[in-house]
There are 2 protein chains.
Amino acid sequence: MKVAGTSGQISRSGFTSSARAVFRMLFSEGQATRPQLCEALGLSRPTMSSSMAELDRFGYVEKIGEIQGAVGRKAAMYRLGEKVGHIISVDAGSTHIRLRVSTLDRRLLHHRTYRLSSSQRYLGDEISVAVAEEIEASRQLTEAAWGPLRAIGIALPSRVVNDDGDARTTRQEQIFSHFTPPADVPVVLENNVNCAAIAEHSHGVAQGRQDFAYVQVGLKIGMGIVLRGQLLQGRNGAAGEISHIAFPFGPNALPANAAELEYYLGTEALMARVHQAWPANAGTPPQDTAHLLTLARDGHEAANAAVERHARDIGAVVATCVSIVDPGLVVLGGGIGTSPLILPHVRDMANRLSYPTEIQSSTLGADATVLGIEKLAAEHACNLILGAE
Amino acid sequence: MKVAGTSGQISRSGFTSSARAVFRMLFSEGQATRPQLCEALGLSRPTMSSSMAELDRFGYVEKIGEIQGAVGRKAAMYRLGEKVGHIISVDAGSTHIRLRVSTLDRRLLHHRTYRLSSSQRYLGDEISVAVAEEIEASRQLTEAAWGPLRAIGIALPSRVVNDDGDARTTRQEQIFSHFTPPADVPVVLENNVNCAAIAEHSHGVAQGRQDFAYVQVGLKIGMGIVLRGQLLQGRNGAAGEISHIAFPFGPNALPANAAELEYYLGTEALMARVHQAWPANAGTPPQDTAHLLTLARDGHEAANAAVERHARDIGAVVATCVSIVDPGLVVLGGGIGTSPLILPHVRDMANRLSYPTEIQSSTLGADATVLGIEKLAAEHACNLILGAE
DNA sequence: TTGATTATGTTACGTAGCCTAACAAACAAA
DNA sequence: TTTGTTTGTTAGGCTACGTAACATAATCAA
């Protein structure tokens, strides 16, 4: 993740630690009653009173109702107030720009989707232009009740390095070629596969897991790794760049070039192999992977063989990842990754070659990436409001 | 890391947070003056007074002298007191048992080395017996001034899982087959390669690094990964078990069995390949890797070719690791790993296939592993004294 | 309806753990 | 010896919590 726009303002918030804890709780849980907050945070009722008063002075909390228990007085229910503001999250994908405007506790305020005129393999000018236009369009709709814009998050189809790393080796700055963020609004950048991993953590099958890996298999192949609840980014923003795994590698084979696996496991080369191996009497070969998967599902022999071999290749990649980080859970995503046809083969291969690991298919749809960057942008905004410490 | 022996005593220490901070500082720095501690921890002199008094009541600090600045009153120098106690650290290696008795701030009190009668490939009875005897022998020498025994750390040549994992799949419990630790003394277990990685962090070339990987190349091959300053252990204690990387893996090759890389990159298979490829006119082939490296260093052509090929294989493995965790630094250790002959080839291969990564040879000797487990045991003891949180 | 019971929120007040200010002690340099 | 500097202690205040007690608001049983 890279953050631009707020350089060096290490703003201590001025809130007491209990007020910060209350804010964080409402941030993560969405809403809670005072007794619930007391219980969860181990605070006394007087401390809760003063914390709430403290946050209320800034409009940072909002009473949204009362809850009646079995007996006794009603408990007041709170959530974050409107002065907390909102964030804009953008998935700058290869075919679509998906945008969400939401509160810090991720209540959706507005959303839009823009279809790019052509599929963009890499981050370039067209994406930058589209992002600029979409953000501008939604800013026009901003309502007073949304409060201030606290952050803009953008998921990019490129490596992203943080301030320690060397941004010149990535494409990340391309996003700003036609897009200039509003002054004073921090921009949070993160790789789109990493964002999808985050979404699995907050919305998907990896909920509650401290450690897991997300493997996206589609046009390209990539991985996002979450360890101790935090995204692993790497010195060059290259953690999870599994297309750079040594390939081919064997007693008589060493890789000649970097990223050979990217080509081999990409859909282009996969379909080329399918066409080459397609029997003359097996009908017309499939034109894309979706078609290939349909044929395989319907029991087509040649299609099945191709899918199985691809699944076993992916299983080998997963085994390699497990051997290195042993995450306990691997989530498969992407057009091919989510196919139920590949899951058993990946499981079999990975668990035979490596250590016991749960392997699941993602159930999140096309919104996964934008939900992931939304989470990251919200967390960044929350940290800014509560001070770095 | 696995910890046995102290089940469930979540002892809050009763010390103020500043006293704990002072303790931690003396723990990590060894010694410091009061003004230094104030400066480093951001505490006032009155607070330092009360913190010191607090710790002194338990004999947890000790004044060891005074330091005279340019002008003004002398500053008192402190270190951890004898009531803090000591730890026993054991490297249960394949050929030697190395033992150190030391204070929590790692002042050496006693050490001994025992040579096993034969090289043990795996953790078994003989190691357990030897560990029991060595620990018993050094306990006999315990002096009153050493204070209580706070922890026993043992580095094992096996996978080690923590309490979440399934210990039945590892060999770790074998260590207790002939060794029964004293009651009430926690035992800290960790894999020996992970320990060597820790030692690189605290004593070696990885000092000051938040993230790095340590690759040990010798009889077997293994890796220890430190991320955000903490050892990565994995759900099955298998993080860094790079012998399970998919191998062979290529367009026409999938691994048939687990851990094929362990055999291929092990010294046994290496020497077999060397012998097979040895030209008839090149003299007698080397009998072990040390000899092979000597011949290569002296310019022997066939030896050089073998070493280079092995180095490139290792470089491919390093590239795979970098592609997944992108640590920024890889330290090479072990009998073959530390050879200056392989370093350039590993560097070339890894950096060509993957992302910019510093690659260094370890400069620590045979004590690395025991120093690593010493660090872990000391940290565990420190946490117990200061309370969990 | 009315009191008993219970949960919630506020007020009053105590305390721990830090701080600053001021002073005492211990040193070097003038 | 005096002066200035640094170290350590004493005195006293402040903040962020806590507990105790009370006020408030609900259910429930008579």
Side-chain angles (χ1 to χ4, degrees), chain A residues 11-26 29 31-58 60-79 81 385-387 389, chain B residues 11-26 29 31-58 60-79 81 385-387 389:
Chain A
S11 56
R12 292 240 39 209
S13 64
F15 288 115
T16 62
S17 87
S18 28
R20 283 200 298 270
V22 169
F23 191 103
R24 279 233 147 75
M25 202 72 190
L26 292 174
E29 298 299 308
Q31 55 176 47
T33 64
R34 285 163 90 132
Q36 280 166 357
L37 291 165
C38 283
E39 171 70 22
L41 300 171
L43 298 175
S44 68
R45 278 173 285 151
T47 302
M48 185 55 56
S49 274
S50 62
S51 297
M52 280 297 182
E54 218 177 311
L55 293 169
D56 192 47
R57 267 197 297 282
F58 290 84
Y60 282 178
V61 287
E62 192 169 74
K63 186 175 164 183
I64 55 168
E66 296 184 319
I67 293 240
Q68 180 62 63
V71 292
R73 186 171 165 177
K74 282 184 216 146
M77 174 77 85
Y78 289 84
R79 70 175 181 197
I385 290 172
L386 296 184
E389 75 230 79
Chain B
S11 56
R12 295 237 38 210
S13 64
F15 289 114
T16 62
S17 86
S18 29
R20 282 200 298 270
V22 169
F23 190 104
R24 279 233 148 74
M25 202 72 190
L26 291 175
E29 298 299 308
Q31 55 177 47
T33 64
R34 287 164 89 131
Q36 280 166 356
L37 291 164
C38 284
E39 171 70 21
L41 300 171
L43 298 175
S44 68
R45 278 173 285 149
T47 301
M48 185 54 58
S49 275
S50 61
S51 297
M52 280 297 182
E54 217 177 311
L55 294 169
D56 193 46
R57 268 197 296 283
F58 290 83
Y60 283 178
V61 287
E62 191 169 74
K63 187 174 163 184
I64 54 168
E66 296 185 317
I67 294 241
Q68 180 62 62
V71 291
R73 186 170 164 176
K74 282 184 215 144
M77 175 76 87
Y78 289 84
R79 71 175 181 196
I385 290 173
L386 296 184
E389 65 237 77

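A note on names: the letters A, B, ... follow the listed sequences, proteins ahead of strands, and every chain is numbered from 1.
- Between B:Gln36 atom CD and D:dG8 atom P the separation is 11 Å, expressed in whole Å.
- Summarising the geometry of A:Ser18 relative to A:Leu43, their closest heavy-atom pair is CB-CD1, 3.7 Å, with the distance given to 0.1 Å.
- A donor N or O paired with an acceptor N or O is not found under 3.5 Å between the base of D:dT6 and the side-chain atoms of B:Arg73.
- A residue-by-residue look at B:Ala75 and A:Pro46 shows that B:Ala75 has its nearest nucleotide of DNA chain D further toward the 5' end.
- In this model, the phosphate group of D:dA16 is not approached by any side-chain N or O of A:Thr16 to a distance below 4.0 Å at OP1 or OP2.
- Counting to the nearest Å, the P atom of D:dT19 and the CG atom of A:Leu43 are 11 Å from each other.
- One can place CG of A:Asp56 at 11 Å from P of C:dT10, the figure rounded to the nearest angstrom.
- Between B:Met52 and B:Leu37, the closest side-chain pair of non-hydrogen atoms falls below 4.5 Å.
- Panel note: side chain B:Gln68, backbone B:Gly72; a donor-acceptor pair is recorded below 3.5 Å.
- Across D:dG8, C:dA28, C:dG9, the shortest atom-to-atom separation from the side chain of B:Gln68 is found for C:dA28.
- Nearest to the side-chain atoms of B:Pro35 among the listed nucleotides D:dG8, C:dG9, D:dT9 stands D:dG8.
- Taking atom CE on B:Met52 and atom P on C:dC18, their separation rounds to 14 Å, with Å as the unit.
- Looking at heavy-atom distances under 4.0 Å, B:Ser17 makes contact with sugar-phosphate atoms alone, never a base.
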What nitrogen or oxygen pairs link the protein and nucleotides 28-30 of chain D at under 3.5 Å?
none

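- With rounding to whole Å, B:Lys63 atom NZ is found 13 Å from D:dT7 atom P.
- Contact check, A:Ser18 against D:dA16: no side-chain N or O comes under 4.0 Å of OP1 or OP2.
- In this pair, A:Phe58 and A:Phe15 present their aromatic rings perpendicular. The plane angle is above 60°, beyond the 30 to 60° band.
- For A:Arg34 against A:Ser49, the heavy-atom pair with the smallest separation is NH2-OG, 3.0 Å.
- The nearest whole Å value for the distance from the CE atom in A:Met77 to the C1' atom in C:dG9 is 17 Å.
- The side chain of A:Arg45 places no N or O atom within less than 4.0 Å of a non-bridging phosphate oxygen (OP1 or OP2) of D:dA21.
- Counting non-hydrogen atoms of other residues, nucleotides and ligands closer than 6.0 Å to CD of A:Glu39 gives a total of 12 or fewer.
- Not one side-chain nitrogen or oxygen of A:Ser44 sits closer than 4.0 Å to the OP1 or OP2 atom of D:dC17.
- The side chain of A:Thr47 sits closest to D:dC17 out of D:dG8, D:dC17, C:dA12.
- Between B:Ala32 and B:Leu26, the shortest heavy-atom contact is N-CD2, 3.8 Å.
- Within the 4.0 Å cut-off from OP1 or OP2 of D:dA26, at least one side-chain nitrogen or oxygen of A:Lys74 is found.
- The CG atom of B:Leu41 sits 15 Å away from the C1' atom of C:dG17 (whole-angstrom rounding).
- Here the P atom of nucleotide C:dC18 and the CZ atom of B:Phe15 are 13 Å apart, to the nearest Å.
- The CZ atom of B:Arg20 sits 10.5 Å away from atom CG of B:Leu55, with the distance rounded to the nearest 0.5 Å.
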